[in-house]
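These notes are about the structure you will find just below.
This one's a predicted model, so the numbers in the text were calculated from it and none came from an experiment. Numbering starts at 1 and runs along the sequence shown.
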Amino acid sequence: MAESDPEPVTFGAGHRLGAPETLGISTLDPGHRPPAMPPGRHVTIRVRMLDDSEELFDISQKASGKVLFDLVCSHMNLIEGDYFGLEFQNHQKMIVWLDHIKPIIKQLRRPKHTILRFAVKFFPPDHAQLLEELTRYLFALQIKQDLSSGSLTCNNSSAALMVSHIIQSEIGDFEESQCRSHLLNNNYIPDQMPLIDKIMECHSKNIGQTPAESDYQLLEVARRLEMYGIRLHPAKDREGTILSLAVAHTGVLVFQGHTKINAFNWSKVRKLSFKRKRFLIKLRPDLNSSYQDTLEFLMGSRDCCKVFWKICVEYHAFFRLFEEPKPKPKPVLFTRGSSFRFSGRTQKQVIDYVRETEFKKLPFDSRVQHDSRLSPLPSPCHHEVPTEVSVSIFLCVASNSPHLSASSGHSHGMVNGQKSLELCSHSPDGRQPSPLTSPLLNDACSVRTDDEDEVRRKRFPTDRAYFIAKELLTTERTYVKDLEVITSFQSAVGQDEATPDSLKSTLFSTFEPLHKFHTGFLREVEQRLALWEGRSNAHIKGDYQRIGDVMLKNLQGLKPLTANLHKQSEVLFELEKACRASRKLESLCRDFELQKVCYIPLTVFILRPLHRLIHYKQILERLCKHYLATHVDFRDCRAALADVSEVVDQLQRSLIKMENLQKLLELKKDLIGVDNLLVPGREFIRLGCLSKLSGKGLQQRMFFLFSDVILYTSRGMTATNQFKVHGQLPLHGMTIRESEDEWGVPHAFTLVGQQQSVVVAASSLTEMEKWVEDIKMAIEMAKTSNGPSSDLLTSNLTDSKCPEDSSAEAESEDDMAASQTSLERPAPHRGNTMVHVCWHRNTSVSMVDFSIAVENQLSGNLLRKFKNSNGWQKLWVVFTNFSLFFYKSHQDDYPLASLPLLGYSVTVPSESENIHKDYVFKLHFKSHIYYFRSESEYTFERWMEVIRSATIPSSRARAMNSKESHPH
């Protein structure tokens, strides 16, 4: 007896989730049930899902499009349904979107014979804004369809990479015969055969990726493509040139073929309208622009114009408005123009709603593989609009006020005989949000407004461990950027014939593998944090809410690469030696250091790998301190901490020596008149401003304290802004005494040497105490050590002059140096080093302070506000080397500005300053005041901690403990 074939079962997208077949959550309303079905005759609507399965929905003909769309989203348990829509072919053979407001009976002439397609309608600039894993999965299916249909065009490398992520999600880890067979049986791109080997090569690198991670990586590649989310609408310009128009989150785009040739940002567009077959873009007046104020494009028909105008209305509202626009009041007698408006939540409302809603999300089982084949589908390029007279939109400029109303204003008027509709966008124009920014700072807009803060603090995740892991992510991004600086320097010197082969091989063998490794590590951390943010809320804990396993695996993989880090001093010596031997190489290094990407001294970049290990140790210590011993992440964090601590302990003594060497090399570039600053045994202790008493009175001088000698200098009036050495005071046999009463100068003390005495005064009692303490310590060191002879320090200075003569001669030496400089045309010198900051701020820093600053590096998003400004500006901020560096986003290659923190005080704003926000700290120096807001209590504490390390001198006890660890 033959068995009958089982009845075929069609699986919708929701079945990949393992979700029950029950009603889910309405997409457009925050209720827990879809809207009530209106009375009337029911019809069956067929909807084709993104995985090509078809579902049937029984619905009243009088129901609006919104009711049907909510039923589809509920069927899939889809929360972020607002990014999607239902499209179909209307009676004019045009592909249009189902209108949410109109009844279905007025849109579908033959509902039984019409297939609606569920598809992505709005493509955000960053898939990290998609908070649900299901949403990212559906976007991945859309990308798969667009690749297959050929509407998403790209080069072969990108195509192979995207297909590799698709098959990783479908068949799992790479196995050669299975992968080749799968590719031969399934077409993912139009011309796939020549790329099979390249696809397999990419697939072999995806081992271990889960389907969710593969979807994430697919979107990461796709979003960078020029044709991502683009639906072309054929048009011609006034000269008859064949073009295409498209709309994106940024504004209206113009394409010629598949190449974008122009873009009109929403901020530049004043009005969009159409009249018959003409589509009109009216721009805001711009003196710097060569365009006319009104651009005209000819489309295939009036309906084509209206289709494109309608999708422009929806894109503008979804990405630019704070909330859904209110409907126009109905006219009493008659109306001209379209009654169409955007219906649904804006992107901002979607993000807010998903993060704040407290209902329990249905689970997404990312382990379930989806192996159904997707056949190529035609790409829609037209959308329906009801036929009416010509209509216009006015796009209003965003207000600068932080207290904006969340509603959109409307007004009506006649413009050129056309009915106009005004939409005021309160979403300020600016940068697009950076990838993978915090859910507490990331938004559809680039600037946060004050009335959003109360709800933002309630958003998930709120666990302290998340913010510690977030610090790992943000600092890793900065570290990878720093490694890119070194690898670019490596490429520059590698092409120079003057560079010794030994230096080339040392640089290449050290930094190239590190950059490759940490790029992969960063990718894993980004994936984990994205899942951590998207899978959880304040009440739900998931498997992705941990970071110890990622760190343990990668720190174990990093161990072999750290074996030679103790030889970084050899890199510094080799580079210095090569620069002395080759004027050309010296010039190349100097020119590279003057580039914007080299925002700190090049020698500091070279030591970054050692400093990063210390940062890993600190992050793991915070995690272990935070977790209970029973926490699922505690064991991995403790094991990772043990591994990195072992490496750091082995490198600690070498690191101290290398930091001293790096500082001597840096100071050598700032000083004129020093022949041999780099000698074995010499240690840098402190630099800073003191006033030297001479016959002319008190004169500002820059003092440099080493373990065997004190140098005093002044800033030369030269093109290089370097410091000219005036004299030196050997520490051997020196004594020190306070001289305030003797000379009547506050905070004065006398340095009594064997051949010369110098009276100096500090700017404050604290500064005097720091100098006296360090000089006494250095004198004791000089007594017991066989350090270098200070007589070898410089060849053109003597210590026999009296202070007055030395000062007088110093001035003439400056003039002479200036005249020589003008003749020799010295190369430019970076004038914003820490020596120059100390000179201008009249303060000092010690080697201990430098070491603390290295340990306390930090990166992340902050909101900045000036003293007299109203709004807050979102910036990516990096703290290192006693300075804050400001970027638009973490992707920028170089900072827009920097703020040296020496001399600043950091406090919390007082009540009188009217900064009624949480997690705000204030930076203050003389009349300069800045306010910064962080996203959580943890990040606020961390920023306060690292900034205080640069603005408040280290305690005497800590300084002594740190110095005792130095092998003097």
W872 six-ring centre to R864 NZ/CZ under 6.0 Å and within 45° of normal
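The answer is no, since R864 fails at least one limit relative to W872.
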Are [X] and [Y] linked by a side-chain donor-acceptor pair shorter than 3.5 Å?
X    : Y    : result
S912 : S910 : yes
S714 : Q699 : no
E621 : Y616 : no
R682 : S707 : no
S936 : T939 : yes
H615 : R608 : no

Salt bridge (charged side-chain N to carboxylate O under 4.0 Å, His left out) assessment of E576 paired with R580
CA-CA 6 Å; E576 170 67 13; R580 284 202 309 267; 3.4 Å; yes
May I ask you to check whether F879 and W943 place their ring centers less than 6.0 Å from one another?
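Centroid separation for F879 and W943: 6.0 Å or greater.
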Could you check whether F684 and F704 have their ring centres less than 6.0 Å apart?
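No; F684 has its ring centre 6.0 Å or more from that of F704.
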Can you sort out the partners of S883 under side chain to side chain donor-acceptor pair (under 3.5 Å), two or more places apart, ordered by chain and number?
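With sequence neighbours excluded, S883 shows a side chain to side chain donor-acceptor pair (under 3.5 Å) to no residue whatsoever.
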Can you confirm whether [X] sits close enough to [Y] that some side-chain heavy atom of one is under 4.5 Å from a side-chain heavy atom of the other?
X    : Y    : result
V835 : F723 : yes
E937 : D918 : no
T478 : H890 : no
K668 : V674 : no
D774 : S846 : yes
P609 : Y479 : yes
L575 : F489 : yes
L751 : M734 : yes

Output side-chain donor-acceptor pairs under 3.5 Å for residues 924-932, partner residues at least two apart or in another chain, one line each.
| unit_1 | atom_1 | unit_2 | atom_2 | d |
| --- | --- | --- | --- | --- |
| H924 | NE2 | K926 | O | 2.7 |
| Y931 | OH | E913 | OE2 | 2.5 |

Whether [X] side chain and [Y] backbone form a donor-acceptor pair below 3.5 Å:
X    : Y    : value
E767 : T843 : no
D892 : K888 : yes
Q722 : K669 : yes
Q700 : W839 : yes
D670 : L667 : no

Sort out for me which residue in T907, L862, V908 forms a side-chain contact (heavy atoms from CB on, under 4.5 Å) with F921.
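Testing F921 for a side-chain contact (heavy atoms from CB on, under 4.5 Å) against T907, L862, V908 leaves exactly one candidate, L862.
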Using the side-chain contact (heavy atoms from CB on, under 4.5 Å) definition, which of the options E476, Q857, K617 pairs with R612?
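Of the listed options, the one satisfying the test is E476.
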Can you name the closest pair of heavy atoms from [X] and [Y] and give their distance?
X    : Y    : value
F605 : I486 : CB-CD1, 3.2 Å
S859 : W876 : CB-CZ2, 3.8 Å
L472 : I619 : CA-CD1, 3.8 Å
L902 : R841 : O-NH1, 2.6 Å
I685 : M777 : CG2-CE, 4.1 Å
R933 : V920 : CG-CG2, 3.1 Å

Check ion pair R942-E471 (N to O, under 4.0 angstrom):
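Looking at R942 and E471, the cut-off is met.
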Salt-bridge test for K663 and E659: reply yes if a basic N is under 4.0 Å from a carboxylate O, no otherwise.
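No.
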Under the salt bridge (Lys or Arg N to Asp or Glu O under 4.0 Å) test, which residues partner E738, sequence neighbours left out?
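E738 satisfies salt bridge (Lys or Arg N to Asp or Glu O under 4.0 Å) with no other residue.
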For Y599, run the ring pair (Phe, Tyr, Trp, His ring centres under 6.0 Å) check against Y894, F885, F886 and tell me which one passes.
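When Y894, F885, F886 are each tested with Y599, the ring pair (Phe, Tyr, Trp, His ring centres under 6.0 Å) holds only for F885.
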Let me see the working for E574 and K577 under salt bridge (charged side-chain N to carboxylate O under 4.0 Å, His left out), right down to the final yes or no.
CA-CA 5 Å; E574 284 256 5; K577 181 180 177 182; over 6 Å; no
Apply the test salt bridge (charged side-chain N to carboxylate O under 4.0 Å, His left out) to residues K770 and E773: give CA-CA distance (whole Å), side-chain angles for both, the deciding distance (0.1 Å), then the verdict.
CA-CA 5 Å; K770 288 190 292 183; E773 181 180 9; over 6 Å; no
